Amino acid sequence: MKRKRLCDSMNTSCFVEKLFTTLAEKKINYCIISGYEKLPDEIITDVDIAIEKRAIKELDRIVFTVARSCNMVVFNKFRHGDALFTYFFVPPYLKNPEGIHIDFLWAFICEEFEREKLPGFKRYYVQCEEELLEDCVDYGIFRIPSQKKAFQHFLLRIVLKGEFNSEYKLNRVLRLFENIGVDVARSQLAKYFPKTYNEIIRCLTNNPAELPDILRNSKSELKRMTWKSFYPKNILIHVHRIIDRVVHPAGFVVAILGPDGSGKSAIVEKVLWVLSKAFIGQKRFYWRPGLLKAPGIALGLRKFDKTENPNPHGHRPENLIKSLFRFSYYLIDFTLGFFIKVWPLKVRRALCVFDRYYYDALVDSYRYNFQLPKWLLRLGMKIVPKPDVTIILDVPTDVMLSRKRELPREELERQRKEFLDLSRKIKNCYVVDNNGPIDETLKEITRIIIREKSKQTMRRLKI
């Protein structure tokens, strides 16, 4: 029931119907391989769509147009291997984790990383475009594989993905086998498993419990891609894909700022939770990337780093030399640490959220023991890598004092003013009022993140 409510909020029916109507109008041949059981009303799993290769050039504009007409946003697009694109769609803002994954493929290729052998992975080329799209049947407003093709494809996926213990998927193969009969099943399997297809049929007929073991052993029969498949064109495709992922990573970096008592910690947790379906992995950082240990730990003066300080101004001022050393040390962490710890997470499509960031030092330099001129701190701001989005939480001083009394009223008022001034100097920086219900704040922040991420995706795709 919960998933139904979430999908309804994303106009799933409108989106699905419009997408397949558009494909039909453009005479694009397609077939929904999996995830169609409850379409168009509900998407339970990711939707896999086989599509003819000639349509790939049109696909970006089609999905953007359809999404916009149904009040949806194309949040991200990334490529898997040679023959698979994934689009991720979300509504304009989020209050719960939700989203729609749609995979478009024009060949069924499976890759496996192999540590001990070159070139580093196995590649199985199983089904081409014509095989994926043949024998399709109408299923409401869209097209799906015939039962014999569904049986073949589903069994191949179990073998290649190693899903031998998935009771649901094995039962589905058994149901499809019963529907198509022994002779049809044998003809579908003989092409891919010339040595073991009779053993597979025997297990399906008499002893399904042995099926996982038989399928596990039959994997070696599947067609492996040869070095000719890599050379020269396909190797260039792989290199281009890797470079594109590194230069234009699909992940995202958000920095959330504000004085003590503005509600940063609660908002950071909520943002990580509500965007959990939109990214592959998450990471929370406190102020800096953390490549280097805190100076006190590095010098053996203390054992643990402090993320929460109940008395941030309760220390003596540092002299200029110590401040300059500390500043240089942290500047290395912010610059080098960003590219060593944060950028690889972005490449792997993760969401990175900073609770505070370098900009904090410009507003509250005393907290970080920086007794330095403002121009030097502003110079550091030009060197430090920028988050994709910076959010400044604005809360009345009385409300901040009611939440935390770590700093006096005068200091909070000064910081609040300086954060508002800072917002005009940082690219992609937004001030969000956090004085109301947290759901409303979350709604506004996710609206900003979704809009900015979608802009990145559109620029990358030249839409």
Side-chain angles (χ1 to χ4, degrees), residues 19-36 39 46-60 62-63 79-87 102-112 122-161 172-173 176-177 179-181 183-197 200 218-219 221-238 241:
L19 176 62
F20 296 125
T21 300
T22 304
L23 293 176
E25 289 173 352
K26 292 183 175 292
K27 295 181 171 54
I28 294 174
N29 193 13
Y30 74 91
C31 174
I32 305 181
I33 297 173
S34 64
Y36 54 78
L39 288 178
D46 299 346
V47 180
D48 295 336
I49 302 177
I51 192 168
E52 54 184 324
K53 194 172 182 179
R54 72 171 182 85
I56 299 305
K57 293 182 179 179
E58 299 181 66
L59 204 52
D60 289 341
I62 289 173
V63 297
R79 183 169 186 166
H80 303 277
D82 297 342
L84 173 62
F85 283 118
T86 295
Y87 293 89
I102 296 185
D103 296 334
F104 288 94
L105 62 151
W106 55 96
F108 186 18
I109 299 174
C110 185
E111 297 181 357
E112 286 184 351
K122 294 179 182 178
R123 304 181 75 241
Y124 296 91
Y125 184 86
V126 186
Q127 291 174 308
C128 64
E129 176 182 355
E130 291 78 12
E131 291 172 303
L132 288 170
L133 294 174
E134 71 179 1
D135 293 335
C136 297
V137 296
D138 291 332
Y139 185 86
I141 62 170
F142 44 87
R143 296 175 64 76
I144 65 172
S146 63
Q147 292 198 63
K148 67 178 183 179
K149 293 298 292 185
F151 166 79
Q152 179 196 80
H153 185 77
F154 218 82
L155 193 139
L156 287 169
R157 288 181 70 90
I158 290 175
V159 173
L160 285 170
K161 303 292 184 182
R172 183 170 179 182
V173 168
L176 289 167
F177 173 73
N179 292 338
I180 63 177
D183 293 337
V184 174
R186 182 178 286 110
S187 67
Q188 295 297 305
L189 296 179
K191 175 182 176 181
Y192 297 99
F193 307 103
K195 297 179 182 178
T196 59
Y197 72 92
I200 296 173
S218 65
K219 185 173 183 177
E221 295 184 66
L222 292 177
K223 181 181 178 182
R224 288 275 299 277
M225 294 189 81
T226 65
W227 277 100
K228 292 180 180 179
S229 303
F230 286 85
Y231 218 80
K233 181 180 178 181
N234 285 347
I235 195 73
L236 294 177
I237 292 174
H238 277 283
R241 179 168 62 94

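For the numbers below, each heavy atom of this structure counts, side chains included, while hydrogens, waters and symmetry mates do not. A quick note: this is a predicted structure, and the numbers were derived from the prediction, not measured.
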Worked verdict on Val159 versus Phe193 for side chain to side chain contact (heavy atoms under 4.5 Å, CB included) = CA-CA 11 Å; Val159 173; Phe193 307 103; 4.1 Å; yes

Report the C-alpha distance between Ile49 and Phe142 in whole Å, list the side-chain angles of each, state the deciding distance to 0.1 Å, and finish with yes or no for side chain to side chain contact (heavy atoms under 4.5 Å, CB included).
-> CA-CA 11 Å; Ile49 302 177; Phe142 44 87; over 6 Å; no

Given side chain to side chain contact (heavy atoms under 4.5 Å, CB included), test Phe151 with Val184 step by step and report yes or no.
-> CA-CA 10 Å; Phe151 166 79; Val184 174; over 6 Å; no

ring-ring contact (aromatic ring centres under 6.0 Å, His included) between Tyr30 and Phe20: does it pass, once the steps are laid out?
-> CA-CA 9 Å; Tyr30 74 91; Phe20 296 125; 5.2 Å; yes

Working for side chain to side chain contact (heavy atoms under 4.5 Å, CB included), residues Asp48 and Arg157 | CA-CA 12 Å; Asp48 295 336; Arg157 288 181 70 90; 3.5 Å; yes

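In this structure Ser218 satisfies the side chain to side chain donor-acceptor pair (under 3.5 Å) test with no other residue, sequence neighbours excluded.
Between Gln152 atom CD and Leu132 atom CG the span is 9.0 Å, to the nearest 0.5 Å. Atom CD1 of Ile180 sits about 11.5 Å away from atom CZ of Arg186, to the nearest 0.5 Å. With rounding to the nearest 0.5 Å, the separation of CD in Glu134 from CG in Asn29 is 11.0 Å. How far CZ of Arg54 is from NZ of Lys27: 10.0 Å, rounded to the nearest 0.5 Å. Atoms CG and NZ, on Leu105 and Lys53 in that order, are 12.5 Å from each other to the nearest 0.5 Å. To the nearest 0.5 Å, the span separating CG on Leu176 from CG on Leu155 amounts to 10.0 Å.
Considering only heavy atoms from C-beta on, Leu19 comes within 4.5 Å of Ile62 through its side chain. Using a 4.5 Å heavy-atom threshold, the side chains of Tyr139 and Ile32 count as separate. Using a 4.5 Å heavy-atom threshold, the side chains of Ile51 and Ile56 count as touching. Within the 4.5 Å cutoff, no side-chain heavy atoms of Val137 are placed close to those of Arg143.
Here the shortest heavy-atom pairing between Ile33 and Ala50 reads CD1-CB, 3.6 Å. Nearest heavy atoms, Leu133 versus Glu52: CD1-N, 3.7 Å.
Between Phe85 and Trp106, the angle of the ring planes lies from 30° to 60°, which puts this pair in the tilted group.
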